Every structure is written in C-alpha cells, then in structure tokens.
Enquirer: 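Here's a structure for you.
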Amino acid sequence: MKDIPVHQLKDRANPAGFEIKYFSPGSMRKEMELLGDDVDDHYLGAHRDDHYLFFLLEKGNASLMIDFQTLPFGKNSLYYVLPGQVHHSIKNEIVYGWFIAVDTMLISTDYRNVFETQLKLQQPHLLDDKQLQQCKSILSLLLEKYDSDVKSSFYIPVVHSLLQSFIGMVACYYSQVNNTGMQLSRPLQLSQQFKQLLGRHIRTIKSPSAYAGMLNVSESYLNEALKKATGFSVSYWIAQEVVMEAKRLLYYSELNVKQIAHHLGYEDHTYFSRLFKKTANETPLEFRAQNRK
C-alpha cells in the first residue's frame, strides 16, 4: 500500500448524501468492513474517510483504533469519527447497533464546531436509557424512510430532517460533556479556531506566527491563550499534529521517511526526523519497526 486509502461516500451513498445501516451479529463483519476494516488483515484495512461516521452500539462490546489510541465500546455507546481520521476495528463481539455515514456538507457549522474543535481525541459518550431510546426512535424512523422509494414526494427533505435531528442530538450530548454549549472564554475560542486551522494547513504551514496572523492576534497572545486553555504552546500542538500525521503514514503506508517528510512539507528529511524523535521519543523508523512487527 503506497498511501493510506481514502474511502469516498459517493461510492455507496444514495442521492440523499448519507448511508444508514442497522447491524446485528450476523451482519457485523460487513458493517465493520464499511468502517474500513479488512478483518483478515490488522493494518491494511485501515483508512480515512472523506465524510463523518456516527455509530451507536446498543449491545455488545467492540474496540476501535483511532489515530493510535484504542477505544473500547460497550452498550449504549455513542461515537463519531471525523473525516481524515485513520481508523480500523480491533475486535468486536456479539453486537447490535447503528452505523451512519454522512457527507460533511450535511453537517452545519454549529455542529461541526462541536465535533471538530477538540484538541484531543474525542471519546465515546455513554447514553442513559432515556437518551438511548430517543436515538433509537429517530434512527428507526430514519432507516425506514431511507429505505423507501427515493422518487417519492419530498424524500430528500424528509430524510434530511430526520438526519439533522439525530446529528443535533449527538452535538448536544458532546457539547454538554465538553462545555462547548456554554459561553466560551477568549482563550478557548482561540484554541478551537486554531485547531480548525491546524487541521487544514498542517502540511503547508508550520509557523506559529502564521497561525496567529490568520487569527488576527499576536503570536505571544496566541501562545498565552493556548497555554491557558490547554497547558501547551502553539509550537507544541503544531509538532503534535505533524507527528500524528507522520505516524499515520509510517504505520499505514509504505512511504519511506524522506517521502513522508516531503509529503508533510519538509524539504530536509533529517530535520523532520529530529523533530519526530524529539516529539515522540523515538525515530520514525523505530516507530515503524515497533508498531509494524
């Protein structure tokens, strides 16, 4: 594999721009493959998506690898995967639940601000029984309408309305957990805005002053805001994002270190290797050897 594959929603979604499935033990293998997993291969099935994934686990246990962190899921677990995050399943037992793949364009800016502005990896959200029943009711109706005649009157606005109800509920749950529904302090606002810019520009922009300029603040103020909100500086988060992207490529692709350095915008691959070792406490090749054995 020369690079991490990207799965595109257009290859399987219907005209409404999303896909919804209910999975049960007999269908679990197929649904895990929809998440990008070749269950006969530990890492070649890993991939990125150009869309959001949401899933709700009603019963059973499963584990998902997201950007080198293993996340376990039990019953009543709600989770989402962002476009671009590398992921694959590790194991699943007898499970029941829901899988929804959604075009990014169908997710409003307000909801995306909840999902995309966390500086650390999003965690599963545990629903109480009432919340679980509410989600199941919406998803059951959504699946019923999704599977109806796509040529029927108002098909797309009806399924989009139901989809927005579900996504809005997910955003509500996560905003309550992350306090993003509260009035944000200026440092937290800047931290979230910086995270969005970092995700979009990490391959081409590494300068703290450049990010400060895009946010219309001084570099010192941005540093102060990031330290207050997260405990770390702008340079720290830039290095973390670079190394995370490098780890994805080292683990899931066959690109060599020089190619990865160039892919991430570094002409001097030796400098890139030093940055990687300083940040990850091991060289790129040591990381690959340790994690690909």
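What you are looking at is a predicted structure, and each value in this text was computed from that prediction instead of being measured. Atom set for the values below is all heavy atoms of this structure, side chains included, hydrogens, waters and symmetry mates excluded.
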Enquirer: Please list, chain by chain and in numerical order, all residues satisfying side chain to side chain contact (heavy atoms under 4.5 Å, CB included) with Arg203, sequence neighbours excluded.
Expert: Arg48, Glu245, His263, Leu264

Enquirer: Pick from His47, His88, His87: which one makes a ring-ring contact (aromatic ring centres under 6.0 Å, His included) with His7?
Expert: His47

Enquirer: At what distance, to the nearest 0.5 angstrom, does CZ of Phe54 lie from CG of Leu163?
Expert: 8.0 Å

Enquirer: According to side chain to side chain donor-acceptor pair (under 3.5 Å), does anything in residues 147-165 pair up with another residue at least two apart or in another chain? List the pairs.
Expert: Asn14-Tyr155

Enquirer: Drop me the distance from Arg274's CZ to Tyr266's OH, to the nearest 0.5 angstrom.
Expert: 11.5 Å

Enquirer: Check the pair Ser233 / Ser235 against side-chain hydrogen bond (donor to acceptor under 3.5 Å, both in side chains), numbers first and verdict last.
Expert: CA-CA 5 Å; Ser233 68; Ser235 295; 4.7 Å; no

Enquirer: So, using ring pair (Phe, Tyr, Trp, His ring centres under 6.0 Å) as the criterion, who are the partners of His125 when residues are at least two apart?
Expert: Tyr173, Tyr174

Enquirer: Regarding Asp268 and Thr270, is there a side-chain donor-to-acceptor distance under 3.5 Å anywhere?
Expert: yes

Enquirer: What are the two closest heavy atoms between Val102 and His51, and how far apart are they?
Expert: O-CB, 3.2 Å

Enquirer: Do other residues, nucleotides or ligands put more than 12 heavy atoms under 6.0 Å from the OH atom of Tyr271?
Expert: no

Enquirer: So, taking the atom named CZ in Phe18 and the one named CG in Leu106, what distance separates them when rounded to the nearest 0.5 Å?
Expert: 8.0 Å

Enquirer: Kindly give the heavy-atom pair with the smallest separation between Thr70 and Ser63, and that separation in Å.
Expert: CG2-CB, 4.3 Å

Enquirer: I need the minimum non-hydrogen distance between Glu219 and Ser209, along with the two atoms involved.
Expert: OE1-CB, 3.4 Å

Enquirer: Can you confirm whether or not the ring centre of Phe23 sits under 6.0 Å from the ring centre of Phe99?
Expert: no

Enquirer: Any donor-acceptor pair under 3.5 Å linking the side chain of Tyr52 with the backbone of Ile100?
Expert: no

Enquirer: With a 6.0 Å cut-off (strictly less than), is the heavy-atom count around CG of Asp129, excluding the residue itself, greater than 12?
Expert: no

Enquirer: Between the side chain of Ser140 and the main-chain N/O of Ser137, is any donor-acceptor distance below 3.5 Å?
Expert: no

Enquirer: Any chance the rings of Phe115 and Tyr80 have centres within less than 6.0 Å?
Expert: yes

Enquirer: Ignoring hydrogens and geometry beyond distance, is a side-chain donor-acceptor pair present between Gln85 and Gln122 at under 3.5 Å?
Expert: yes

Enquirer: Search all heavy atoms of Cys135 against all heavy atoms of Leu56 and return the closest pair with its distance.
Expert: CB-CD2, 3.9 Å

Enquirer: So, do Phe55 and Phe73 have ring centers that fall under 6.0 Å from each other?
Expert: yes

